[in-house]
> 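Take a look at the following structure, please.
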Amino acid sequence: RTPDTLDAEPADPSASDRRDHRAMSAFASQLLSALKPLAEPKLYVTTFQKYSEFFSAEYIRKGKMAEPIVAFMLLIGGVGYAMEYMVLGRYHVAHHKEKVEKALKEYDEKHGHH
């Protein structure tokens, strides 16, 4: 650049760049307006109230507590098993595979017919 162009204003973005910016801005505002209800406590309060009324009418008043207790136990068991596998299980599986590979390699060295 020459010294006389250093002070020049940068060129305006092209029309397509402006359209892209407007489209992204419109998308962002639609996304925010769609997610806005998730940030309002009223949604969670009404959902909890409706579930509480359903649970009370369906199970507590009818005296059928075994179903939700069993469902809760299965949920806790499934989540616990999944968490244990994600945290510890994969390392145990990898360690077991390493032991098997080492044992097979040792066996092949001693008993292989090469």
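All residue numbers in this chain count up from 1 along the given sequence.
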> Is E106 salt-bridged to K110, going by a charged N under 4.0 Å from an acidic O?
yes

> For the atom pair NZ (K36) and OG (S29), what is the distance rounded to the nearest 0.5 Å?
12.5 Å

> Check this for me: F55, atom CZ, are more than 12 non-hydrogen atoms of other residues, nucleotides or ligands nearer than 6.0 Å?
yes

> Is there a path of hydrophobic side-chain contacts, each under 4.5 Å between heavy atoms, that joins M73 and M65?
yes

> Considering residues at least two apart in sequence or located in another chain, which fulfil the salt bridge (charged side-chain N to carboxylate O under 4.0 Å, His left out) criterion with E40?
none

> At what distance, to the nearest 0.5 angstrom, does CG of D108 lie from CG of L104?
6.5 Å

> List for me each residue that meets side-chain contact (heavy atoms from CB on, under 4.5 Å) alongside H95, sequence neighbours excluded, and say none if there are none.
E98, K99

> Within the distance-only criterion (no hydrogens, no angle test), does the side chain of Y44 pair as donor or acceptor with the backbone N or O of L38 below 3.5 angstrom?
yes

> Measuring from atom CZ of F54 to atom CD1 of I60, what distance do you get when rounded to the nearest 0.5 angstrom?
11.5 Å

> Drop me the distance from Y85's OH to H92's NE2, to the nearest 0.5 angstrom.
11.0 Å

> Got a sec: does the NZ of K64 have more than 12 other heavy atoms crowding it under 6.0 Å?
yes

> Within this structure, what is the CD-OG1 distance for the pair Q49 and T47, rounded to the nearest 0.5 Å?
9.0 Å

> Compare all side-chain heavy atoms of E67 with those of E58 and state whether any distance is below 4.5 angstrom.
no

> Is there a path of hydrophobic side-chain contacts, each under 4.5 Å between heavy atoms of I/L/V/M/F/W/Y residues, joining I69 to Y51?
yes

> Counting distance only, does the side-chain N/O of T46 pair as donor-acceptor with the main-chain N or O of L43 below 3.5 Å?
yes

